[in-house]
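Single-structure report; data block below.
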Number of protein chains: 2
Amino acid sequence: MARRVDRRERRELLADALMRLAAARGLEAVSLRHVAAEAGVSTGMVQHYFRTKDEMMVFALGMVMDRIRRRSQAVAAPAAPRELVRGLLLQVLPLDETRRLENHVVLAFLAYAAVKPSLASGLREAAAQMRGFLAEQLRAAGVDGVDPEQGAAGLLALVDGLGLQVLSQQYAAEDAAAALDAQLVLLFGRP
Amino acid sequence: MARRVDRRERRELLADALMRLAAARGLEAVSLRHVAAEAGVSTGMVQHYFRTKDEMMVFALGMVMDRIRRRSQAVAAPAAPRELVRGLLLQVLPLDETRRLENHVVLAFLAYAAVKPSLASGLREAAAQMRGFLAEQLRAAGVDGVDPEQGAAGLLALVDGLGLQVLSQQYAAEDAAAALDAQLVLLFGRP
DNA sequence: GCCGTCGCAATACAGGTGCAATGCAAGGAG
DNA sequence: CTCCTTGCATTGCACCTGTATTGCGACGGC
């Protein structure tokens, strides 16, 4: 039974279990044994694929960020700047169960990264990339009354904040989408 | 050595230690023993004032929220709606060390509350109260082009998101303040 | 002066944690 | 067939966790 396993695939399987766990019971419930149980494997196997817990965490976060980015880029194909921006930001909001789970994980990691800088860099670069893209679109659309960079930062912060409020059940998902649209009206004018 | 202690005061002393700890090393570093050590007391004393760890957490979160609210109300005295809104939201952003610490704690608790609903209610009501106040001010200022409730929600989300980005070092504090001002220009027009 | 209660300290305990070490079956390489 | 690497499973260890228990000195009320 040797040699024929896809290491990458196994690691993603474990990271998936970690995500489910983090979303359901918080990052503090993430332990080697719990991840193993959730994935239906032995704790030894988890140790086999991640030499340390931190390595597992970093991998899982990277996986989530990759998924979000990939989904966002899939939207990017055929649209005017405004629709492009809207589509992209809607991908970030927790409007369905998958994205709710992802947002949950990202939030947990944000709190974690605020304390453990080894995780912060990944988050930072993903955000910077997205902010750059948004600013570019705002510039292309020729929005007036606001600096494109600041408009982009504002949009990103808005979506982050909305996600936060939806997750902590202060705000309904559809209201969050409406709030985003309201902001788009402020930036781009009436559709 | 009996009878002459202010129970409330002692609890706040412990909660302060908890805050420092949470801000410096994350909520996961908060344990009875660590809080005791940070406060310079015995773990027995912590147990004496909080029968359970959860009770301690809830108290600490309540204390932080109270402080933020109190500081916000102190601003509210003598100003036009726009300045009032600006002043209030600036109190929420992590622009100095105290507020950075508070934001850190709130973030940690947000991630925690997403999983432990016993903490969520306090956060929810504080946010609702603030949103109501903001909406009222927007209405009083007669902003056009946006529904006051949604404008308020947007502002709150923006500030939350900006705080998040500042904490995770994606964004500098002064840039966050500038982004807030940019949004106020969008809502209220040029000053 | 006695006593009860308050304010705390110390210790014990069962359970969970990350990690290291070891064992061992199953295949491919020679 | 033999070996040796791969892919796990088991077990053990030292440490940390929340909580319960017990002890005990110091005051306030009588």
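Scope of the values below: all heavy atoms of this structure, side chains included, with no hydrogens, waters or symmetry mates. Convention: sequence-line order gives letters A, B, ...; per-chain numbering from 1.
Atoms CD (B/Gln47) and C1' (D/dT19) sit 6 Å apart, rounded to a whole Å. In this structure, A/Arg51 atom CZ and C/dC19 atom C1' are separated by 13 Å, rounded to whole Å. In this structure, B/Glu55 atom CD and D/dT19 atom C1' are separated by 13 Å, rounded to whole Å. Following rounding to the nearest Å, A/Met56 (CE) and C/dC19 (P) show an atom-to-atom distance of 9 Å. Between the CG atom of B/Asp6 and the P atom of C/dC6 there is a distance of 16 Å, rounded to whole Å. Spacing between atom CE of A/Met45 and atom P of C/dC24 amounts to 21 Å, rounded to whole angstrom units. Atom NE2 in A/His48 sits roughly 15 Å away from atom P in D/dT5 (whole-Å rounding). The separation between B/Leu27 atom CG and D/dT17 atom P is 14 Å, rounded to whole Å.
Contacts of A/Val30 with the nucleic acid, taken as non-hydrogen atoms under 4.0 Å apart, involve only primed sugar atoms and P, OP1 or OP2. Residue B/Arg10 is in sugar-phosphate contact alone, with no base atom involved, counting any heavy-atom pair closer than 4.0 Å across all strands shown. Note on A/Thr52: only backbone sugar-phosphate atoms sit closer than 4.0 angstrom, heavy atoms only; bases stay farther off.
Checking A/Ser31 against B/Val41, the closest nucleotide of DNA chain C that is more toward the 5' end is the one next to B/Val41. For the pair B/Arg7 and B/Thr43, nearest-nucleotide mapping onto DNA chain C gives the more 5' position to B/Arg7.
The side chain of A/Ser42 places no N or O atom within less than 4.0 Å of a non-bridging phosphate oxygen (OP1 or OP2) of D/dT10. At the phosphate of C/dG16, neither OP1 nor OP2 sits under 4.0 Å from any side-chain N or O atom of A/His34.
Inspection of the A/Arg131 and B/Gln165 side chains reveals an N or O donor paired with an N or O acceptor under 3.5 Å. No side-chain N or O of B/Gln150 forms a donor-acceptor pair with one of A/Gln183 less than 3.5 Å apart. Remark: the A/Arg124 side chain and the B/Gln170 side chain contain no N/O donor-acceptor pair separated by less than 3.5 Å.
In the hydrophobic clustering of this structure, B/Val185 does not group with B/Leu88; members are Ile, Leu, Val, Met, Phe, Trp, Tyr whose side-chain heavy atoms approach within less than 4.5 Å, directly or through other members.
A/Arg33 contributes no side-chain N or O that forms a donor-acceptor pair with the base of C/dG16 under 3.5 Å.
Looking at A/Met19 and A/Glu102, their side chains come closer than 4.5 Å, going by heavy atoms from C-beta outward.
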